[in-house]
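One structure below.
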Amino acid sequence: MSKMLVNDKLIITNYYAQHRGEIVDFIAVRLTDADEAEDMVQDLFLRLLRGHQLITPVTLPCLVYTMARHSIADYYRRRRVREEFEHYLIKNTDSIGEIESIISARMLMERMERTLARLPEACGRIYRLHIYDGLKVSDIAQQLALPYKQVENRLGQARKAVRQQFTSLTA
């Protein structure tokens, strides 16, 4: 590990130790969920520690708050989609239809998992991180320490395979 990388990690850990509470408060006020805010702050600093960007004591606060704002926006974006889907289910299903819906969703999920199992492990893992965890390509690349283009290509392969599997259902 280079001296610069060790120094970056030290800067990040010191900043975390000194400002964690302040950042949790910043996020908690905007989310109204203290537990979720704690999780977001930990994720944020883990991404920083795993990252390869140049960190200085001057740039770190701006980077942390920018990442926090983006995390908050992503949280509300995912929440809105989930609420719209829940609203749709409540509005458009009756008790029998709901059971059929759950069974159909489970069957589709199993079919998707079988499709992903046939792909190279890396493709399936990247697709799951993108779909289930809501991570962006850049975040996945950073988390898995892979080049951005490689992650993008593998995600594209997985999407294509899943899409082919589901279009064969409707054909």
Side-chain angles (χ1 to χ4, degrees), residues 1-86 109-110 112-163:
M1 201 179 276
S2 71
K3 183 178 179 184
M4 184 60 118
L5 195 56
V6 171
N7 190 35
D8 289 351
K9 305 295 181 198
L10 186 61
I11 291 169
I12 294 168
T13 54
N14 287 339
Y15 188 83
Y16 177 80
Q18 292 173 357
H19 299 281
R20 187 192 70 70
E22 172 186 322
I23 299 163
V24 169
D25 291 343
F26 174 82
I27 294 174
V29 165
R30 286 151 181 83
L31 294 186
T32 65
D33 184 356
D35 292 333
E36 186 69 30
E38 288 277 351
D39 291 344
M40 275 188 179
V41 170
Q42 287 181 359
D43 289 342
L44 186 145
F45 278 96
L46 282 175
R47 279 188 287 158
L48 280 170
L49 288 169
R50 289 182 182 143
H52 301 290
Q53 62 271 29
L54 182 63
I55 303 290
T56 68
V58 174
T59 61
L60 184 59
C62 297
L63 180 60
V64 167
Y65 281 97
T66 299
M67 290 174 71
R69 284 191 303 276
H70 289 235
S71 294
I72 292 165
D74 290 344
Y75 170 83
Y76 279 113
R77 195 174 304 116
R78 285 190 305 271
R79 183 173 153 187
R80 187 186 76 238
V81 169
R82 185 174 46 247
E83 287 172 353
E84 287 173 358
F85 182 70
E86 288 170 357
M109 187 70 102
E110 288 171 5
M112 183 177 73
E113 285 300 325
R114 281 195 304 270
T115 302
L116 292 175
R118 287 191 295 262
L119 292 172
E121 184 180 335
C123 289
R125 184 171 183 204
I126 288 168
Y127 187 82
R128 286 182 189 95
L129 286 170
H130 181 68
I131 296 298
Y132 299 139
D133 296 344
L135 295 178
K136 298 178 209 163
V137 174
S138 58
D139 294 334
I140 296 169
Q142 193 173 36
Q143 183 174 340
L144 299 179
L146 294 172
Y148 180 90
K149 276 296 191 187
Q150 188 175 20
V151 171
E152 193 174 53
N153 289 335
R154 288 180 179 172
L155 180 59
Q157 290 173 353
R159 282 179 173 161
K160 184 177 180 181
V162 171
R163 189 172 28 251

Worksheet item: Within a strict 4.5 Å, meaning less than it, do heavy atoms of the Leu129 and Leu144 side chains meet?
Response: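 SC-SC contact between Leu129 and Leu144 confirmed.
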
Worksheet item: Side-chain contact, heavy-atom cut-off 4.5 Å: Tyr65 with Ile23?
Response: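 Side chain of Tyr65 against side chain of Ile23, heavy atoms only: contact under 4.5 Å found.
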
Which donor-acceptor pairs under 3.5 Å do side chains of residues 55-64 form with protein atoms, sequence neighbours excluded?
from, atom 1, to, atom 2, distance (Å)
Thr56, OG1, Val58, N, 3.4
Thr56, OG1, Thr59, N, 3.1
Thr56, OG1, Thr59, OG1, 3.0
Thr59, OG1, Thr56, N, 3.1
Thr59, OG1, Thr56, O, 3.3

Fill in: Where at least one partner belongs to residues 114-136, residue pairs that pass ring-ring contact (aromatic ring centres under 6.0 Å, His included), sequence neighbours excluded
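Matches after skipping sequence neighbours: none remain.
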
Discussion item. Is it true that, when you exclude Arg128 itself, more than 12 heavy atoms of the residues, nucleotides or ligands shown sit nearer than 6.0 Å to its CZ?
Written reply: yes

Worksheet item: Does Arg30 count as lying over the ring of Phe26, i.e. NZ or CZ under 6.0 Å from the six-ring centre, within 45 degrees of the axis?
Response: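 Output yes; distance and angle both within limits.
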
Nearest 0.5 Å please: distance from the [atom1] atom of [X] over to the [atom2] atom of [Y].
X: Leu46; Y: Gln142; atom1: CG; atom2: CD; result: 10.5 Å
X: Arg47; Y: Ile12; atom1: CZ; atom2: CD1; result: 12.0 Å
X: Gln18; Y: Thr13; atom1: CD; atom2: OG1; result: 9.5 Å
X: Ser71; Y: Glu36; atom1: OG; atom2: CD; result: 10.0 Å
X: Arg77; Y: Asp74; atom1: CZ; atom2: CG; result: 4.5 Å
X: Leu10; Y: Tyr15; atom1: CG; atom2: OH; result: 15.0 Å

Fill in: Which residues share a salt bridge (Lys or Arg N to Asp or Glu O under 4.0 Å) with Arg159, sequence neighbours left out
none

Worksheet item: Does any pair with a residue in residues 63-72 pass salt bridge (charged side-chain N to carboxylate O under 4.0 Å, His left out), and if so which ones, sequence neighbours excluded?
Response: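 Residue pairs with at least one partner in residues 63-72: there are none.
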
Practice prompt. Grab the two heavy atoms, one from Ile72 and one from Leu31, that are nearest each other, plus how far apart they are.
Written response: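 What the structure gives for the nearest pair is CG2-CD2, 4.2 Å.
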
Discussion item. Using every non-hydrogen atom in the two residues, find where Leu119 and Ala158 come nearest and quote the distance to one decimal.
Written reply: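 Answer, listing the atom of Leu119 first, then Ala158: CD1-CA, 3.6 Å.
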
Could you go through residues 37-44 and list every donor-acceptor pair under 3.5 Å that involves a side-chain atom there, pairing it with any protein atom two or more places apart or in another chain?
from, atom 1, to, atom 2, distance (Å)
Glu38, OE1, Arg20, NH1, 3.1
Glu38, OE2, Arg20, NH1, 3.3

Atom pairs and distances, side-chain donor-acceptor, residues 149-157, under 3.5 Å, sequence neighbours left out:
from, atom 1, to, atom 2, distance (Å)
Lys149, NZ, Glu152, OE1, 3.0
Asn153, ND2, Lys149, O, 3.2

